[in-house]
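The structure appears below as C-alpha cells.
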Amino acid sequence: MNYDFIIVGAGVIGCSTAYHLKKLNPKLKILIIEKNHRAGLGNTAKSAALFRNLFSSDTSRKLASSSIDFYYTISEKIKLKKSGYIWLFSGEQWKKNKNIIDKIDKYKLEINLFNEENITKYININLFSDKELPNVSNGIFCKKCGSLSAISLAEYYLNSFIENGGKIIFKKEIKSIKLSGEKEQYAPWKNIKIKHLIDDNGDKYYSNKYLFATGAWTQNILSPIGIASNVYPKKRQLFGIKIKHISNIFNKKLEQYPAIILPAGGVYLKPILEDNTIIVGSADDLGQPYNLTDFHANQKYFDKAIKPVLKHYFPYLKEYSLYLKWAGYYAYHWPDKNPVIENVSNITWVSGTSGSGIMKADAIGRITASKLLEDKYATLADESKFRVSNLSLYNRNVDLEKLII
Ligand SMILES: Cc1cc2nc3c(=O)[nH]c(=O)nc-3n(C[C@H](O)[C@H](O)[C@H](O)COP(=O)(O)OP(=O)(O)OC[C@H]3O[C@@H](n4cnc5c(N)ncnc54)[C@H](O)[C@@H]3O)c2cc1C
C-alpha cells in the first residue's frame with residue numbers, strides 16, 4: 001500500500017500530529033509505525049506528566065498555553081488535575097531572573113508572586129540556606145498548571161485518528177531507510193528521497209512523505225542517511241517515595257496539592273495524594289550522558305543528589321521509603337530548548353521537545369501537520385496563528401527558553 005504519509009513513532013507527538021493531519025484533511029492515507037505494543041510507551045510514559053504555562057520564552061508560552069486550553073476540553077479523558085505549581089527561588093536566583101519575571105504578563109498567565117510570608121502560608125518549608133543549599137526567598141504560584149495522564153493523552157489522539165480512518169502498526173521497528181539513487185552513489189544533483197522504510201522483519205513501507213516523530217531516537221535513526229537532526233537524547237531520572245502524610249508538607253488544606261520546584265538543582269516534587277506518593281526529579285545537566293544507552297535510574301543518584309535537598313528543605317520528613325525509580329530521555333534541542341520541525345526532501349522530523357513535550361503536544365502536532373501540508377501558518381487551539389517556519393532549523397525564530405527543569 002502506498003500511503004500519503006507514514007509517521008514513525010506513536011509517542012504523544014506522533015499521535016497528536018496524526019490526529020491533526022487527519023482533521024485537516026480526512027481523505028489522507030496515513031500510517032503510524034511504532035516499535036512498542038502500545039502508544040506512548042517511549043519517553044511519553046517516562047515523563048512526570050506535569051504541565052505549566054510559565055516559561056521565559058514567548059514561543060514556549062504560546063505552545064504550552066494553547067495546548068493546555070485544548071487539554072481542558074478533554075480533561076476527564078486525560079485525567080487532568082488543575083493542581084498548580086509553586087516555583088521557589090533563592091534571593092540570588094530571584095535577582096538573576098528579575099528581568100524575565102518583570103516581563104511576564106502575570107494577569108494573562110494567571111500567576112501570583114510570593115514572598116517568604118506567602119510561601120510559608122502554603123508550604124511547611126525551611127527557608128534558610130546552609131553551606132551548600134540556597135535559601136528560599138520568593139516564589140511564583142502558577143494556576144494554569146497541573147498534571148495529566150500522558151499515556152491517556154497519546155491514546156486520545158490515536159483513538160480519534162483511528163476512528164477517522166487512520167492506521168497504526170505496533171511492534172514493528174524501523175531498522176533502515178532506503179534512499180533513491182544508491183546506484184549513482186547519491187549523486188547530489190539527483191532528486192534523492194526516501195524510497196521505502198524497512199522494519200525488523202524485512203518488511204517494506206512505501207509513502208509519498210515520511211515523518212519521524214521518534215523523540216530521543218531521532219538522531220540515531222536519521223544520521224545514517226546524512227541528516228543532522230540537531231536533537232540529542234539527555235538522560236533524566238525520576239523517583240517515587242511513599243510518605244504517610246503528604247499533607248504535612250502543606251500548610252493549607254487543598255483538594256489537589258501543587259507541584260513544588262525547589263531552588264536547589266531544579267529538584268521538583270509532584271504529590272500524588274491518593275497514592276501517598278511524591279514523585280521527585282531534578283534538572284541535572286553536567287554529568288548525565290547524551291546517549292541512549294542506559295534506561296536505569298540510579299539509587300545512588302537519589303541518595304547523593306536528591307535526598308540531601310529533601311532533608312534540607314523538609315527536615316521533618318524523616319520517614320519515607322523509595323519504592324519506585326525510572327529513567328528516560330529528553331530530546332534536547334540544546335541551543336534554545338524549543339522544539340524542532342524540519343524538512344529535507346520527502347523527510348520531515350519533529351523532536352527537540354526538551355522536557356516539555358506533553359504540555360506542548362497539541363500545538364506541536366498542529367504545527368507539524370501544517371508543515372507536512374506545506375501551510376505557512378498553523379492555527380493553535382486558542383485560535384492564534386503560529387508561523388510554521390519559526391520552529392525550523394533554517395528559518396528558526398524562537399527565543400531561548402530559560403525556565404527548564
Ligand atoms: C524523566 C522525564 C520527565 C519528563 N517530565 C515531563 C513533564 O513533566 N511534562 C512534559 O510536558 N514533558 C515531560 N517530559 C518530556 C516528555 O516526556 C517528552 O517531551 C515527550 O514524551 C516527547 O514525546 P515524543 O512523542 O516526541 O517521544 P516519545 O514518547 O519517546 O515517542 C517516540 C516514539 O518513537 C518510537 N520509535 C523510536 N524509534 C523507532 C523506530 N525505529 N521504529 C518504530 N518506532 C520507533 C518509540 O518507541 C516511541 O514510542 C519528561 C521526560 C522525561 C524523560
Side-chain angles (χ1 to χ4, degrees), residues 1-11 13-15 17-18 21 28-36 42-43 168-234 289-293 329-335 339-354 357 364 367-369 371-374 388-389 391-396:
M1 173 124 183
N2 203 350
Y3 290 93
D4 295 309
F5 294 98
I6 285 183
I7 298 175
V8 183
I13 300 297
C15 294
T17 303
L21 202 49
L28 290 172
K29 285 185 279 171
I30 307 168
L31 172 71
I32 306 179
I33 304 172
E34 167 56 51
K35 66 179 173 181
N36 288 311
N43 282 302
I168 181 154
I169 305 181
F170 287 114
K171 295 199 274 185
K172 296 284 182 193
E173 181 170 0
I174 296 306
K175 285 289 190 190
S176 62
I177 300 171
K178 190 82 178 162
L179 292 179
S180 61
E182 191 179 356
K183 276 192 200 141
E184 295 91 358
Q185 289 295 298
Y186 308 111
W189 42 270
K190 297 237 173 189
N191 177 21
I192 299 161
K193 55 184 186 175
I194 295 185
K195 245 168 78 184
H196 57 258
L197 306 176
I198 305 172
D199 73 13
D200 38 1
N201 201 29
D203 292 336
K204 294 174 184 165
Y205 302 89
Y206 295 86
S207 178
N208 292 336
K209 291 186 178 180
Y210 298 82
L211 173 71
F212 292 86
T214 37
W217 289 270
T218 305
Q219 178 66 12
N220 279 9
I221 193 160
L222 291 182
S223 61
I225 59 162
I227 291 178
S229 69
N230 257 35
V231 175
Y232 299 98
K234 179 71 151 177
Y290 269 120
N291 61 38
L292 273 169
T293 49
Y329 281 85
Y330 280 13
Y332 240 143
H333 179 244
W334 60 270
V340 168
I341 308 172
E342 193 46 280
N343 160 263
V344 176
S345 180
N346 63 346
I347 309 157
T348 302
W349 65 99
V350 52
S351 188
T353 49
S354 307
I364 297 173
I367 299 165
T368 311
K371 175 98 174 179
L372 291 169
L373 296 176
E374 297 175 29
V388 173
S389 62
L391 295 182
S392 77
L393 291 171
Y394 293 117
N395 299 304
R396 197 157 182 83

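The shown structure was predicted, so the numbers you read here are calculated from the model rather than taken from an experiment. Along the sequence shown, the residues carry numbers beginning at 1.
Distance check, rounded to the nearest 0.5 Å: CG of Asn201 to NZ of Lys175 gives 12.0 Å. Expressed to the nearest 0.5 Å, how far CG of Asn230 lies from CG of Leu222 amounts to 11.5 Å. For the atom pair OG (Ser207) and CG (Leu31), the distance works out to 8.0 Å, reported to the nearest 0.5 Å. Distance CD/Glu184 to CH2/Trp189: 7.0 Å, rounded to 0.5 Å. Rounding to the nearest 0.5 angstrom, the gap separating the NE2 atom in His196 from the CG atom in Asn2 is 12.5 Å. Between the CG atom in Leu211 and the CD1 atom in Ile7 there is a gap of 5.5 Å [rounded to 0.5 Å].
Here the closest non-hydrogen pair linking Pro339 and Ile364 is CG-CD1, 3.7 Å. Smallest separation of non-hydrogen atoms from Gly14 and Ala213: CA-CB, 3.5 Å. Here the closest non-hydrogen pair linking Leu292 and Ala216 is CD1-O, 3.3 Å. Nearest heavy-atom pair across Lys371 and Ile341 is NZ-O, 3.6 Å. Listed here is the closest heavy atom pair of Cys15 and Ala10: SG-O, 3.7 Å. Tyr329 and Asn43 get closest at one heavy-atom pair: N-OD1, 2.8 Å.
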Discussion item. Run Phe212 and Val350 through side-chain contact (heavy atoms from CB on, under 4.5 Å) and show every step you take.
Written reply: CA-CA 6 Å; Phe212 292 86; Val350 52; over 6 Å; no

Worksheet item: Could you walk me through whether Asp199 and Tyr205 pass the side chain to side chain donor-acceptor pair (under 3.5 Å) check?
Response: CA-CA 8 Å; Asp199 73 13; Tyr205 302 89; 2.6 Å; yes

Discussion item. Could you go through Ile30 and Leu21, starting from their C-alpha distance and side-chain angles, then the distance that decides it, and tell me whether this counts as side-chain contact (heavy atoms from CB on, under 4.5 Å)?
Written reply: CA-CA 9 Å; Ile30 307 168; Leu21 202 49; 3.9 Å; yes

Worksheet item: Which is it for Leu391 and Val340 under the side-chain contact (heavy atoms from CB on, under 4.5 Å) test, yes or no, and what are the steps along the way?
Response: CA-CA 5 Å; Leu391 295 182; Val340 168; over 6 Å; no

Fill in: Test side-chain contact (heavy atoms from CB on, under 4.5 Å) applied to Val231 and Tyr332, step by step
CA-CA 5 Å; Val231 175; Tyr332 240 143; 5.7 Å; no

Fill in: salt bridge (Lys or Arg N to Asp or Glu O under 4.0 Å) evaluation trace for Glu34 with Lys171
CA-CA 6 Å; Glu34 167 56 51; Lys171 295 199 274 185; over 6 Å; no

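Not one N or O on the side chain of Asn346 forms a donor-acceptor pair closer than 3.5 Å with the backbone of Lys193. Listed for the Ser351 side chain is no donor-acceptor partner under 3.5 Å among the backbone atoms of Thr218. The backbone N or O of Ile192 sits less than 3.5 Å from a side-chain atom of Ser345, completing a donor-acceptor pair. A donor-acceptor distance shorter than 3.5 angstrom exists from the side chain of Tyr210 to the backbone of Lys195, with no hydrogens or angles considered.
Within the 4.5 Å cutoff, the side chain of Thr17 has heavy atoms near those of the Leu372 side chain. Counting only heavy atoms from C-beta outward, the side chains of Tyr232 and Tyr330 never approach each other to under 4.5 Å. Proximity of His333 to Arg396: side-chain heavy atoms (C-beta onward) are separated by under 4.5 Å at one or more points. By the 4.5 Å heavy-atom criterion applied to side chains, Asp203 and Ile198 are not counted as neighbours. Residues Ile6 and Ile194 have side chains not in contact (no heavy-atom distance under 4.5 Å, counting atoms from C-beta outward). The closest side-chain heavy-atom distance from Phe5 to Asn208 is not below 4.5 Å. Residues Leu28 and Leu373 have side chains in contact (heavy-atom distance under 4.5 Å, counting atoms from C-beta outward). When side chains are defined from C-beta on, Tyr394 does not count as touching Asn343, because their heavy atoms never get closer than 4.5 Å.
Just one of Asp200, Leu197, Thr214 meets the side-chain contact (heavy atoms from CB on, under 4.5 Å) condition when paired with Ile174; it is Leu197.
Asn395 and Ser389 are not linked by any side-chain donor-acceptor pair at a separation below 3.5 angstrom, with hydrogens and angles left out of the test.
Salt-bridge formation is detected for the pair Lys209/Glu374: a Lys NZ or Arg NE/NH1/NH2 atom is positioned less than 4.0 Å from an Asp or Glu carboxylate oxygen.
A cation-pi arrangement is present between Lys35 and Trp217 under the rule of less than 6.0 angstrom and at most 45 degrees off the ring axis.
Shown here is Lys172, whose NZ atom has more than 12 heavy atoms of other residues, nucleotides or ligands within 6.0 Å.
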